[in-house]
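These numbers come from the heavy atoms of this one structure, side chains and all, not from hydrogens, waters or symmetry mates.
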Amino acid sequence: MRGTDETSGSLFSYVDLEARIPAQHPLRKIRQVVNDALASLDADFEGLYVHFGRPSIAPERLIRASLLQILFSIRSERQLMEQMDYNLLFRWFVGLGIDDQVWVPTVFTKNRDRLMSTEMSRKIMAAILAHREVAPLLSDEHFSVDGTLVKAWASMKSFQPKAPPPEADGSDEGPDDEGPGAPPPPSPAPETPATEAKTDPMPRSRRQNRNAEVDFRGEKRSNATHASITDPEARLYKKSPGTGAMLCFIGHALMENRSGLIVQGELTRADGHAERQAALDMIHRHSPGSTRRLTLGADKGYDAAEFVRDLRRACVTPHVAQKARHSAIDRRTTRHDGYALSLKHRKRIEEAFGWAKTVGGMAQTMYRGIERVQSRFILTMAANNLARLPRLLAA
């Protein structure tokens with residue numbers, strides 16, 4: 001018998017969101033880990049808010065929604081709020097009831113920007129890694145490090161010459177740059193309106209096209225003479241020869257080699273020495289003052305004498321891939337079997353970078369300023385860990 005295609009609205013509806021989520025859905029385990037991690041940060045959240053005034057969005061819900069945006073590749077907060085309005089799975093994960101109103105996108109963005117900082121993103125990552133089910137998966141001896149370019153939210157047309165600095169002395173001052181004791185310039189004579197023309201001609205619009213054609217051929221541009229007017233903290237940089245330079249930042253990650261989880265994240269300005277300096281900062285932050293022998297795997301870009309020497313002083317064995325010539329790694333490191341194992345495992349860090357760019361939206365960030373981009377990058381690395389947890393914990 002053919003069914004009828006008629007819609008009848010129900011006067012009352014009893015929807016249990018918990019019953020609508022499949023028992024084996026991976027978000028169930030992710031939500032459990034996230035809730036336990038956020039509960040451990042309750043004292044940190046309490047110190048960020050005053051005890052009077054208008055209540056803001058709960059920080060736990062802000063963080064769950066931000067993680068949801070990364071996990072499901074939602075490109076904007078406006079689209080996130082739209083999907084959260086009708087998606088029962090999203091409502092359940094964030095903690096909204098079936099009848100709760102979703103937030104206005106602008107309100108959500110402003111509350112999130114006040115909460116999310118680089119320090120808060122690091123605390124969230126650390127709380128997830130310290131979870132009772134996650135901590136046994138981590139290695140405390142063997143690590144790998146690498147960096148990747150994060151394209152800035154700025155076009156090459158915004159990379160324009162810097163304004164010349166003001167003159168220090170008054171010898172070359174023009175008529176409009178007189179010193180404080182100089183007499184004021186003579187005022188121009190008032191113009192008399194022309195009486196011949198009865199009507200003024202229609203003024204021609206001088207507004208420049210917002211996407212005008214620009215020819216960069218033959219123009220020398222560098223970070224010393226040019227800067228982006230869209231994101232001044234972005235730098236023109238290319239990581240390898242044969243590739244085009246772009247306005248970008250460098251994202252860094254420190255991975256433990258047992259399960260391939262990211263334990264530290266960093267984002268810096270694009271620079272030739274940024275990767276090695278960030279590697280030292282992350283290993284010191286993760287194991288401050290450690291006297292236990294650690295290993296750190298890295299690619300050939302880290303094969304520098306000063307970097308290797310700093311690692312050895314910090315009680316870290318540099319398992320760095322050797323350059324063809326003038327390598328700082330010698331036989332006292334390469335003769336051990338652990339050196340070959342570290343070089344094999346270090347390549348897994350590229351999986352985290354690939355996930356962050358294809359799923360997490362880090363191929364080109366939509367944020368401006370190194371602080372906001374860094375906070376988002378670290379949170380994306382934490383979301384990458386969460387995405388891998390259901391399979392790791394089920395093994």
Side-chain angles (χ1 to χ4, degrees), residues 144-162 213-255 262 265-280 282 296-308 318-329 334 340 342-366 368 370 373-374 377 380-381 384:
S144 297
V145 68
D146 203 357
T148 186
L149 297 185
V150 177
K151 190 175 181 182
W153 193 251
S155 68
M156 293 299 293
K157 294 179 182 179
S158 70
F159 198 59
Q160 299 181 5
K162 296 179 181 179
E213 293 292 334
V214 180
D215 185 10
F216 302 123
R217 186 181 298 274
E219 180 183 353
K220 293 183 178 181
R221 300 189 297 170
S222 68
N223 294 311
T225 59
H226 290 64
S228 172
I229 60 175
T230 303
D231 190 351
E233 293 180 299
R235 301 287 297 274
L236 188 66
Y237 186 76
K238 64 177 180 179
K239 195 175 181 183
S240 58
T243 59
M246 62 180 180
L247 291 170
C248 60
F249 302 95
I250 299 185
H252 315 271
L254 181 69
M255 179 192 74
I262 305 300
E266 189 78 37
L267 186 130
T268 61
R269 291 188 178 184
D271 183 82
H273 302 278
E275 289 189 276
R276 295 190 288 271
Q277 184 59 47
L280 293 172
M282 289 188 294
L296 184 66
D299 59 23
K300 295 181 182 179
Y302 295 82
D303 188 2
E306 184 179 358
F307 176 71
V308 172
H319 286 179
V320 179
Q322 289 180 295
K323 291 180 179 178
R325 296 186 304 171
H326 309 296
S327 175
I329 306 298
T334 60
S342 291
L343 294 186
K344 177 182 177 181
H345 285 290
R346 70 168 180 82
K347 299 178 182 179
R348 300 173 62 187
I349 199 171
E350 300 293 346
E351 299 176 6
F353 289 152
W355 186 94
K357 291 188 175 183
T358 57
V359 178
M362 278 289 125
Q364 182 176 14
T365 178
M366 297 182 66
R368 297 173 183 173
I370 192 170
V373 180
Q374 183 176 13
F377 179 80
T380 303
M381 292 292 103
N384 170 72

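Rounded to the nearest 0.5 angstrom, Lys151 NZ and Met366 CE are separated by 13.5 Å. From Met246, atom CE reaches atom OG of Ser155 across 14.0 Å, with rounding to the nearest 0.5 Å. Of the inter-residue distances, the one linking Arg346 atom CZ with Asp146 atom CG reads 7.5 Å to the nearest 0.5 angstrom. Atom-to-atom distance recorded for Leu343:CG and Asp299:CG is 10.0 Å, nearest 0.5 angstrom. The line from CG of Leu296 to CE of Met255 is 10.0 Å long, rounded to the nearest 0.5 Å. In this structure, NZ in Lys344 is found 13.0 Å from OG in Ser144, a value given to the nearest 0.5 Å.
Gln322 places no side-chain N or O within 3.5 Å of a backbone atom of Ser327 that could act as its donor or acceptor partner. No donor-acceptor distance shorter than 3.5 angstrom exists from the side chain of Lys239 to the backbone of Leu149, with no hydrogens or angles considered. No donor-acceptor pair closer than 3.5 Å links the side chain of Glu266 to the backbone N or O of Ala278. A side-chain donor-acceptor contact under 3.5 Å links Asp303 to the backbone of Lys323.
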Step-by-step side chain to side chain contact (heavy atoms under 4.5 Å, CB included) determination, Ile349 to Ile262:
CA-CA 8 Å; Ile349 199 171; Ile262 305 300; 4.3 Å; yes

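Gln364 and Ala152 get closest at one heavy-atom pair: NE2-O, 3.1 Å. For the residue pair Lys162 and His226, the shortest heavy atom distance occurs at CE-O, 3.3 Å. For the residue pair Met381 and Ala356, the shortest heavy atom distance occurs at CE-CB, 3.4 Å. Pairing each heavy atom of Leu236 with each of Arg221, the nearest pair is CD2-O, 4.2 Å. Listed here is the closest heavy atom pair of Trp355 and Thr380: CZ3-O, 3.8 Å. Smallest separation of non-hydrogen atoms from Phe353 and Gly251: CZ-O, 4.2 Å.
Between Asp231 and Trp153, the closest side-chain pair of non-hydrogen atoms is not below 4.5 Å. The shortest side-chain heavy-atom distance between Thr148 and Lys357 falls under the 4.5 Å cut-off. In this structure, the side chains of Ile370 and Leu267 come closer than 4.5 Å at one or more pairs of heavy atoms. In this structure, Ile329 and His319 have side chains that are not in contact, with every pair of non-hydrogen atoms separated by 4.5 Å or more. Residues Phe249 and Gln374 are not in side-chain contact: their nearest non-hydrogen atoms beyond the backbone lie 4.5 Å or more apart.
Between Glu306 and Arg276 there is no salt bridge, since no side-chain nitrogen of the basic residue lies less than 4.0 Å from a carboxylate oxygen of the acidic one.
In summary, the side chains of Thr268 and His252 do present a donor paired with an acceptor at a separation below 3.5 Å, with no hydrogens or angles considered.
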